[in-house]
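What follows is a single structure, written as structure tokens, with notes after it.
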Amino acid sequence: MTEKIFKSITEQIELLTSKGLDIIDEPDAAKKLSDFGYYEIINGYRETFRNDDKTYKGGTTFDDIFALYYFDSKVRSATMLALEHAESFLKQKLAYTLAEQHGLEFDNYISKDVFKKGDLLKYPNKKKNLYTARDIFFKEMRKIRDDDTHPIKHYRDVHGNVPPWILFKKMSFGNLRYAISLLNSKDKKLLMRRVFKSDVHASLSDQELITLFSETIVMIHEYRNRAAHGSRMYNFFPDCSFTYLPLLHDSVNISKTSIRKKKYKSSGLNLLFSSLGLWANHYPTEVFKINLKLAFEGYSKKWGDQVPLVLKEMQFPSDYCN
């Protein structure tokens, strides 16, 4: 195990130049390293610009790496904003479905009649009556119901109950994912019919739709968490993936053979937002497209020659910016 040793900003710059990186404006580079961090800028984005021996390709500047870092921050913001729209849409559709099918009373829509018990807990807690995934989910929902912030407290004190569309305002995406995975099959089918476009229902079997829905939610969770933690976004491909589906994969020109031969990955931002494009609400995909185009416009003003490589790394079509 190699021990990491503290390096001053000056030493960080010396290390970079020793690896062949050109630093045109040293005071500016020093300030950016100080403000944003060596790890965030260099470790996160250097691979695009390095040779196999870990030296930098001839002519590569610090500004090249920082520009990619800054571009990625725009991609991350575009992703987060779009996924917030997706999350809000899911919450509203789930709240409406539960209220319609089971009423507005907390104990009626958060009940064993609505949600399956799910997996048994690896470490159950007998004292707190926590044995299954549903027990954990119900515990989290009661915690939100008893919250003393607005508007939860207002509904509880004035109306004597917290309806689902108010409760879900404070629900984390992790708990939303829990709720949908534990939802009974009848309500889940109804929910999916409200989430996806009508022609998607006509094109897919029930099982294909369930699989697509589940995998999309998992993918949203992966990218949402990554965006929230400020991690590299533009060429991130999570370990989870979409099951090959012609309706989805054909829209981004990814064949089953290319996935099997590992020429393409069955994940990524392009595939995620193509999946969201199958939803009845167009805001997530439109918001993402608009802001991603703006990010590319800004990046291409000085680094247009890098755009084809970035698009390739993202698994986006080469003419995406045209």
Side-chain angles (χ1 to χ4, degrees), residues 1-81 83 222-240 262-265 267-270 272 288 291-316 318 320-321:
M1 184 180 294
T2 304
E3 182 180 356
K4 289 292 183 182
I5 301 173
F6 170 79
K7 282 182 169 53
S8 66
I9 299 299
T10 299
E11 289 172 326
Q12 291 173 18
I13 289 175
E14 290 173 351
L15 176 62
L16 292 172
T17 56
S18 73
K19 297 288 187 180
L21 185 67
D22 292 338
I23 299 182
I24 298 168
D25 187 338
E26 189 169 314
D28 180 66
K31 180 163 180 25
K32 285 172 178 172
L33 287 169
S34 177
D35 290 350
F36 301 104
Y38 183 99
Y39 181 87
E40 297 299 328
I41 301 171
I42 304 301
N43 286 30
Y45 302 91
R46 65 189 176 190
E47 292 307 318
T48 298
F49 305 97
R50 294 212 296 183
N51 299 307
D52 292 339
D53 63 358
K54 298 187 178 181
T55 59
Y56 288 93
K57 296 174 183 177
T60 301
T61 68
F62 177 86
D63 291 340
D64 291 333
I65 300 177
F66 187 81
L68 185 56
Y69 162 81
Y70 186 72
F71 164 77
D72 190 52
S73 73
K74 297 296 185 182
V75 176
R76 187 163 53 248
S77 295
T79 302
M80 192 64 174
L81 182 59
L83 294 185
E222 287 282 336
Y223 278 94
R224 193 187 183 285
N225 283 351
R226 191 168 180 88
H229 288 93
S231 300
R232 189 180 71 253
M233 183 63 60
Y234 82 100
N235 62 350
F236 170 63
F237 295 88
D239 291 335
C240 59
K262 298 184 178 180
K263 291 182 179 180
Y264 287 94
K265 296 179 180 179
S267 60
L269 287 171
N270 198 16
L272 168 60
F288 180 72
N291 286 290
L292 183 61
K293 292 276 182 143
L294 288 173
F296 269 115
E297 284 176 13
Y299 186 60
S300 62
K301 286 179 181 179
K302 286 188 177 181
W303 284 271
D305 58 332
Q306 284 292 120
V307 169
L309 176 59
V310 170
L311 287 171
K312 184 177 180 180
E313 287 186 323
M314 294 176 72
Q315 282 190 182
F316 273 64
S318 59
Y320 182 80
C321 297

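Both backbone and side-chain heavy atoms feed into the values below; hydrogens, waters and symmetry mates do not. Quick caveat: nothing in here was measured; it's all calculated off a predicted structure.
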Revision key, fill the gap. Looking only at heavy atoms, the pair that brings Ser267 and Cys240 closest together is CB-O, 3.7 Å
Review point. Under 30°, 30 to 60°, or over 60°: which ring-plane class applies to Phe71 and Phe296, parallel, tilted or perpendicular?
Key: tilted
Practice item. Mind listing the closest non-hydrogen atom pair of Gly268 and Pro238 along with its distance? Key: N-CD, 4.4 Å
Exercise for review: Decide side chain to side chain contact (heavy atoms under 4.5 Å, CB included) for Ile42 and Phe62; before the verdict, give the C-alpha distance in whole Å, the side-chain angles of both, and the deciding distance to 0.1 Å.
Suggested key: CA-CA 9 Å; Ile42 304 301; Phe62 177 86; 4.0 Å; yes
Check your understanding: Rounded to the nearest 0.5 Å, what separation is found between the CG atom of Leu292 and the OG atom of Ser77?
Key -> 11.5 Å
Review point. Just by modelled atom types, is the Glu11 backbone N or O under 3.5 Å from a matching donor or acceptor in the Glu14 side chain?
Key: no
Point to revise | Side-chain heavy-atom pair Leu83, Leu272 within 4.5 angstrom cut-off | key: yes
Practice item. Would you please test Thr61 and Asp63 for side-chain hydrogen bond (donor to acceptor under 3.5 Å, both in side chains) and show each step? Key: CA-CA 5 Å; Thr61 68; Asp63 291 340; 4.9 Å; no
Practice item. Compute both the distance and the angle, then confirm whether Arg226 meets the cation-pi test with Phe236: under 6.0 Å from the six-membered ring centre, within 45 degrees of the axis. Key: yes
Review point. When rounded to the nearest 0.5 angstrom, what is the spacing between CD in Glu3 and CD1 in Ile5?
Key: 6.0 Å
**Study point:** Neighbour count >12 (heavy atoms, 6.0 Å) for atom CD, Glu26
**Key:** no
Point to revise | Worked verdict on Tyr45 versus Tyr69 for ring pair (Phe, Tyr, Trp, His ring centres under 6.0 Å) | key: CA-CA 6 Å; Tyr45 302 91; Tyr69 162 81; 5.7 Å; yes
Point to revise | Worked verdict on Glu297 versus Leu294 for side chain to side chain contact (heavy atoms under 4.5 Å, CB included) | key: CA-CA 5 Å; Glu297 284 176 13; Leu294 288 173; 3.8 Å; yes
Check your understanding: Going by heavy atoms in the side chains, are Leu16 and Tyr56 under 4.5 Å from each other?
Key -> yes
Revision key, fill the gap. Separation between CD1 (Ile13) and CG (Leu15), nearest 0.5 Å, reads 11.0 Å
Practice item. For Asp72 and Met233, indicate whether the former's side chain and the latter's backbone hold a donor-acceptor pair under 3.5 Å. Key: yes
**Study point:** Side-chain heavy-atom pair Arg50, Lys57 within 4.5 angstrom cut-off
**Key:** no
Check your understanding: CG/Leu21 to OG1/Thr55 distance, rounded to the nearest 0.5 angstrom?
Key -> 11.0 Å
Revision key, fill the gap. When rounded to the nearest 0.5 Å, the distance separating NZ of Lys4 from OH of Tyr39 is 9.5 Å
Practice item. Tell me, please, whether Tyr320 has Lys293 positioned over its six-membered ring: NZ or CZ under 6.0 Å from the ring centre and within 45 degrees of its axis? Key: yes
Review point. Is the shortest heavy-atom distance from the side chain of Thr48 to the side chain of Glu313 under 4.5 Å?
Key: yes
**Study point:** Distance-minimising heavy-atom pair for Lys19 and Lys54
**Key:** CD-O, 4.0 Å
Point to revise | Distance (rounded to the nearest 0.5 Å) between Ile65 CD1 and Glu47 CD | key: 10.0 Å
Review point. How about Ser318 and Lys312: do any of their side-chain heavy atoms sit closer than 4.5 Å?
Key: no
Check your understanding: Should Tyr234 and Arg76 count as side-chain neighbours, where that means a heavy-atom distance under 4.5 Å?
Key -> no
Exercise for review: Give the minimum heavy-atom separation between Ile23 and Ala29, together with the two atoms involved.
Suggested key: CG2-CB, 3.7 Å
Review point. Hey, what's the ring geometry for Tyr70 with Phe66, parallel, tilted or perpendicular (30° and 60° as the breaks)?
Key: parallel
Point to revise | Pair Asp64-Thr60, side-chain hydrogen bond (donor to acceptor under 3.5 Å, both in side chains): steps then yes or no | key: CA-CA 6 Å; Asp64 291 333; Thr60 301; 4.9 Å; no
Review point. Taking C-beta and beyond as the side chain, do Tyr223 and Met80 meet within less than 4.5 Å on heavy atoms?
Key: no
**Study point:** More than 12 heavy atoms from other groups under 6.0 Å of NZ on Lys74
**Key:** no
Point to revise | Student check: side-chain heavy atoms of Asn235 and Arg232 closer than 4.5 Å | key: yes
Exercise for review: Check for a donor-acceptor pair, side chain of Gln12 on one end and backbone N or O of Lys7 on the other, with a separation under 3.5 Å.
Suggested key: yes
Exercise for review: For side chain to side chain contact (heavy atoms under 4.5 Å, CB included), just list the numbers for Val307 and Tyr299, CA-CA rounded to whole Å, side-chain angles, deciding distance to a tenth of an Å, and then say yes or no.
Suggested key: CA-CA 8 Å; Val307 169; Tyr299 186 60; 4.0 Å; yes
Check your understanding: Of Val310, Leu269, Asn291, which is the lone residue that meets side chain to side chain contact (heavy atoms under 4.5 Å, CB included) with Val75?
Key -> Leu269
